[in-house]
*Asks:* 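Got a structure here, written out as structure tokens. Questions coming.
Whatever order the structure lists ligands and atoms in, that order sets their numbers, starting from 1. Side-chain atoms are counted along with the backbone in the values below, which use heavy atoms only and exclude waters and symmetry mates.
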Amino acid sequence: MKHTKIKDLLNSPSTLQEVNAKGWVRTFRNNQFIALNDGSTINNIQCVVDFENTPDEILKRITTGAAISVTGNLVESKGAGQKVEIQVTQLEILGDADPEKFPMQPKKHSLEFLRENAHLRVRTNAFGAIMRVRSVLSFAVHSYFQQKGFVYVNTPIITGADAEGAGEMFQVTSLPLHSLPKTEEGAIDYKKDFFGKHTNLTVSGQLEGETFAMALGQIYTFGPTFRAENSNTSRHLAEFWMIEPEVAFNDLDDNMDLAEDFIQYVIRYTMEQCPDDLQFLTTRLLEEEKTKPQAERSEMNLLEKLHFVLENKFKRVSYTEAIDILRDSVPNKKKKFQFVINEWGADLQSEHERYLVEKHFKCPVILYDYPANIKAFYMRLNEDGKTVRAMDILFPGIGEIVGGSQREERYDVLVEKMKTIGIDEKELSWYLDTRRFGSAVHSGFGLGFERLVLFVTGMTNIRDVIPFPRTPGNAEF
Ligand code: 4AD
Ligand code: MG
């Protein structure tokens, strides 16, 4: 008999038919009631064992984490908490889970402990919910862009270009590290390396994405990106997934509209598809917040926060206005910020972004027109000669979730900028071709997928929303 997914059994309109379910035991109560889960839903199905006719050796093996197969009638449940249950007639242990050794016992585990067991934590309710939500969110990303006629582009993972000019890249090489080939001048001879040049893992698919936008009009990427920045924070990963749309003929306002519409769509879609998981995560967060002092608890619960983002326009504020607000803010005057804002031109730290979003505006904020010298070389210079058409979207509890810009489409201005900051024109000659041939206004942005998952799940550490996090000193699994 083929097994039926527990999600389908729980939604089944008819009872009494013989069914088979396979899954992992969550709990086994009174030698009679199994809570069985197969990952198709956060909800378990109750399986009632005929303990008088089941041998003791079998009953003993029904332990948390064991894989089992149960066959029986699907009947209306007399117990509270579930509509239907399985009255087991046949039970088979598929794989034991020794209770002395299986780490995921039905009790509260710390998130730190679960991180160390990332291969097993997905068997808990919380991580099952997070990973289903993550999956639905990624489908929503494709669904949004595909409906709008964007072309999905797979940009390279190994690259010779440093898109963000940040220099925080992981090198890719097949050279023997213990005996590196040297040039006559004594430098490492990358001509002997696999690609005949120095290569890295990509930090962004944008530059390649732009070349495609200048032919296909509207494109998006959705792939892994890598940053070797040594920031051990709850918002940074060394390997994360980024979504980068790029659109020909869009200016910065169009870019903001697209980003806002896109974010609202994927959140709405996920709320429609994952009501049980999001309800569970909302309750989880409420429980967690109870352990915090009143002042640190959020005013809205998770579902309310998600609704709020759908129902309210993001506030659009220029960098210059933001600096004025920050300079006059109480934490700045009382020197409560780690980095006190004194003058125009200062780079905004996460503490400033969060003040703006959480304390001042109390809604998602799009900051735009940043000083040129704190942003990447490819952003379009404004008429004032000192700001660029950049935009960052800041979210409550997260800080920056999106970074993007209108691109510098003027060949001469772009080359001049590259010269001043020392980017080799020859290295990026292919990129400059987009400006040499048929250049046009265009814009795009990058959304950090895990930061989006953080927001939607209400989790607070980015390591808890990616299956196997990579961070400084940590590449287990
Ligand atoms: O602001 P970033 O660096 O922008 C770019 O890479 C542009 N090329 C995007 C574009 O215009 N096409 O990164 C974009 C987003 C950030 O806003 C943040 O959400 C996320 O990527 N991000 C990270 N997420 C997790 N861990 C990290 N170390 C991240 N660095 C950036
Ligand atoms: Mg950024």
Side-chain angles (χ1 to χ4, degrees), residues 134 137 141 145 150 153 155 159 161-170 201-213 218-247 250 252 255-256 258-259 262-263 266 319 347-350 352-353 357 364-368 370-371 374-380 388-395 397-408 431 442-456 459 461-466 469-472 474:
R134 182 182 165 108
L137 267 172
V141 168
F145 288 119
F150 282 61
V153 181
T155 48
T159 172
D162 176 1
E164 291 308 293
E168 288 163 330
M169 304 183 85
F170 289 102
L201 292 178
T202 188
V203 294
S204 158
Q206 180 196 320
L207 302 194
E208 293 89 350
E210 281 187 52
T211 68
F212 267 54
Q218 318 177 90
I219 65 99
Y220 71 105
T221 72
F222 186 1
T225 44
F226 308 87
R227 298 204 181 171
E229 46 192 347
N230 201 359
S231 26
N232 241 317
T233 78
S234 57
R235 277 162 198 74
H236 288 88
L237 290 164
E239 176 180 290
F240 64 100
W241 287 66
M242 186 148 58
I243 297 137
E244 296 184 275
E246 191 71 32
V247 185
N250 262 13
L252 191 68
N255 205 33
M256 292 186 200
L258 176 68
F262 163 60
I263 293 175
V266 296
Y319 167 90
D347 203 354
L348 299 184
Q349 307 295 325
S350 150
H352 308 124
E353 298 175 341
V357 175
V365 172
I366 310 185
L367 285 189
Y368 63 91
Y370 280 74
I374 58 171
K375 287 292 182 188
F377 75 96
Y378 49 69
M379 298 189 180
R380 194 183 199 281
V388 285
R389 303 242 76 194
M391 63 172 216
D392 275 8
I393 303 186
L394 315 178
F395 258 47
I398 311 283
E400 179 189 335
I401 193 163
V402 163
S405 65
Q406 183 175 321
R407 317 305 188 189
E408 183 56 78
Y431 179 66
H442 63 288
S443 301
F445 62 84
L447 171 103
F449 186 58
E450 283 73 21
R451 295 202 184 166
L452 175 69
V453 184
L454 262 185
F455 182 73
V456 175
M459 299 302 289
N461 192 319
I462 200 161
R463 296 163 199 217
D464 297 332
V465 297
I466 187 163
R470 268 84 183 90
T471 51
N474 175 22

*Asks:* Over all heavy atoms of both residues, which pair between Val203 and Phe226 is shortest? Give the atoms and the distance, please.
*Replies:*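 Looking at all heavy atoms of both residues, the closest pair is CG1-O, 3.2 Å.
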*Asks:* Can you sort out which atoms of ligand 1 are near Tyr378, meaning under 4.0 Å from one of its heavy atoms?
*Replies:*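 Per the distance check, 7 (C), 8 (N).
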*Asks:* Name the orientation class of the two ring planes belonging to Phe145 and Phe150 (parallel below 30°, tilted from 30 to 60°, perpendicular beyond 60°).
*Replies:*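 Correct class here is tilted.
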*Asks:* Enumerate the atoms of ligand 1 whose separation from the nearest heavy atom of Ile462 is less than 4.0 angstrom.
*Replies:*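 Going through ligand 1 atom by atom, the ones under 4.0 Å from Ile462 are 25 (C).
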*Asks:* Can you confirm whether Arg451 sits close enough to Glu400 that some side-chain heavy atom of one is under 4.5 Å from a side-chain heavy atom of the other?
*Replies:*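 Yes, close enough: below the 4.5 Å cut-off.
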*Asks:* Geometry only, no angles: is Ile401 polar-contacting ligand 1 at N/O separations under 3.5 Å?
*Replies:*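 For ligand 1, there is an N or O atom that lies under 3.5 Å from one belonging to Ile401.
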*Asks:* Measure Phe445 to ligand 1 on non-hydrogen atoms and call it side chain, backbone, both or neither using the 4.0 Å cut-off.
*Replies:*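 Contact part for Phe445 vs ligand 1: backbone (N, CA, C, O).
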*Asks:* Among Arg389, Arg380, His442, whose side-chain contact (heavy atoms from CB on, under 4.5 Å) with Arg407 holds?
*Replies:*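 Running side-chain contact (heavy atoms from CB on, under 4.5 Å) over Arg389, Arg380, His442 with Arg407 returns exactly one hit, His442.
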*Asks:* For ligand 1 and Ser204, I'd like to know whether there is a polar contact (N/O to N/O, distance under 3.5 Å).
*Replies:*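 Yes; at least one N/O pair falls below 3.5 Å.
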*Asks:* For Asp392 and Gly403, indicate whether the former's side chain and the latter's backbone hold a donor-acceptor pair under 3.5 Å.
*Replies:*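 Not confirmed, Asp392 side chain does not pair with Gly403 backbone.
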*Asks:* Have a look at ligand 1 and work out which part of Arg451, if any, has a heavy atom under 4.0 Å from it: side chain, backbone, both or neither.
*Replies:*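 The part of Arg451 near ligand 1 is the side chain, not the backbone.
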*Asks:* Does ligand 1 have any atom that is closer than 4.0 Å to a heavy atom of Arg227?
*Replies:*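 Contact check Arg227 vs ligand 1: positive.
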*Asks:* Quick one: does ligand 1 sit under 4.0 Å from the side chain of Ile393, the backbone, both or neither, non-hydrogen atoms only?
*Replies:*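 Within the 4.0 Å criterion, Ile393 makes no contact with ligand 1.
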*Asks:* Would one find an N or O of Gln206, backbone or side chain, under 3.5 Å from an N or O of ligand 1?
*Replies:*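 Looking only at distances, the answer is yes, because the N/O contact criterion of under 3.5 Å is met.
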*Asks:* Might you point out which heavy atoms bring Gln406 and Asn250 nearest each other, and give the distance in Å?
*Replies:*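 Here Gln406 and Asn250 meet closest at CG-O, 4.5 Å.
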*Asks:* Any N/O/S atom, backbone or side chain, of Asp392 lying under 2.8 Å from the Mg ion (ligand 2)?
*Replies:*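 So Asp392 does not bind the Mg ion (ligand 2) by this criterion.
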*Asks:* Hydrogens and angles aside, do Tyr378 and Glu210 bring a side-chain donor and acceptor to less than 3.5 Å of each other?
*Replies:*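 On atom types as modelled, these side chains do not qualify, holding no pair under 3.5 Å.
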*Asks:* Can you tell me which N/O/S atom of Glu400 has the shortest distance to the Mg ion (ligand 2)?
*Replies:*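 This residue's closest N, O or S atom turns out to be OE2.
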*Asks:* Would you check if Ile243 and Phe222 make a side-chain contact, meaning some heavy-atom pair closer than 4.5 Å?
*Replies:*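 Side chain of Ile243 against side chain of Phe222, heavy atoms only: contact under 4.5 Å found.
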*Asks:* Atoms of ligand 1 less than 4.0 Å from Arg235 heavy atoms?
*Replies:*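 The atoms of ligand 1 under 4.0 Å from a heavy atom of Arg235 are 25 (C), 26 (N).
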*Asks:* Roughly how far, to the nearest 0.5 Å, is the CG atom of Asn232 from the OG1 atom of Thr471?
*Replies:*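 If I round to the nearest 0.5 Å, the distance is 6.0 Å.
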*Asks:* Within the 4.5 Å heavy-atom criterion, are Leu367 and Leu348 side-chain neighbours or not?
*Replies:*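 They are in contact (side-chain heavy atoms under 4.5 Å apart), so the answer is yes.
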*Asks:* What do we get for Glu229 next to ligand 1 when only non-hydrogen atoms under 4.0 Å count, side chain, backbone, both or neither?
*Replies:*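 Near ligand 1, Glu229 shows its side chain, while the N, CA, C and O stay back.
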*Asks:* Could you list which atoms of ligand 1 come closer than 4.0 Å to a heavy atom of Val402?
*Replies:*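 By the 4.0 Å cutoff, the relevant atoms are 17 (O).
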*Asks:* Measuring from atom 12 (N) of ligand 1, which candidate in Glu210, Glu400, Glu244, Met379 has the nearest non-hydrogen atom?
*Replies:*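 Nearest heavy atom to atom 12 (N) of ligand 1 lies in Glu244.
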*Asks:* What atoms of ligand 1 come within less than 4.0 Å of a heavy atom belonging to Gly404?
*Replies:*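 What qualifies from ligand 1 is 11 (O).
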*Asks:* Verify whether the ring centers belonging to Phe455 and Phe395 lie closer than 6.0 Å.
*Replies:*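 Distance test on ring centres: under 6.0 Å, yes.
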*Asks:* Which ligand 1 atoms, with their elements, are less than 4.0 angstrom from a heavy-atom of Arg407?
*Replies:*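 Under 4.0 Å from Arg407, ligand 1 has these atoms: 10 (C), 11 (O), 12 (N).
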*Asks:* Run the numbers for me: atoms of ligand 1, each under 4.0 Å from some heavy atom of Gly448, listed by number.
*Replies:*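 Selected atoms, number and element: 15 (C), 19 (O), 20 (C), 21 (O).
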*Asks:* Determine whether Thr155 and Thr202 make a side-chain contact, defined as any pair of heavy atoms from C-beta on separated by less than 4.5 Å.
*Replies:*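 The answer is no; the side chains never approach within 4.5 Å.
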*Asks:* Mark up the atoms of ligand 1 that fall under 4.0 Å of a heavy atom belonging to Met242, in ascending order.
*Replies:*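 By the 4.0 Å cutoff, the relevant atoms are 6 (O), 13 (O), 14 (C), 15 (C), 21 (O).
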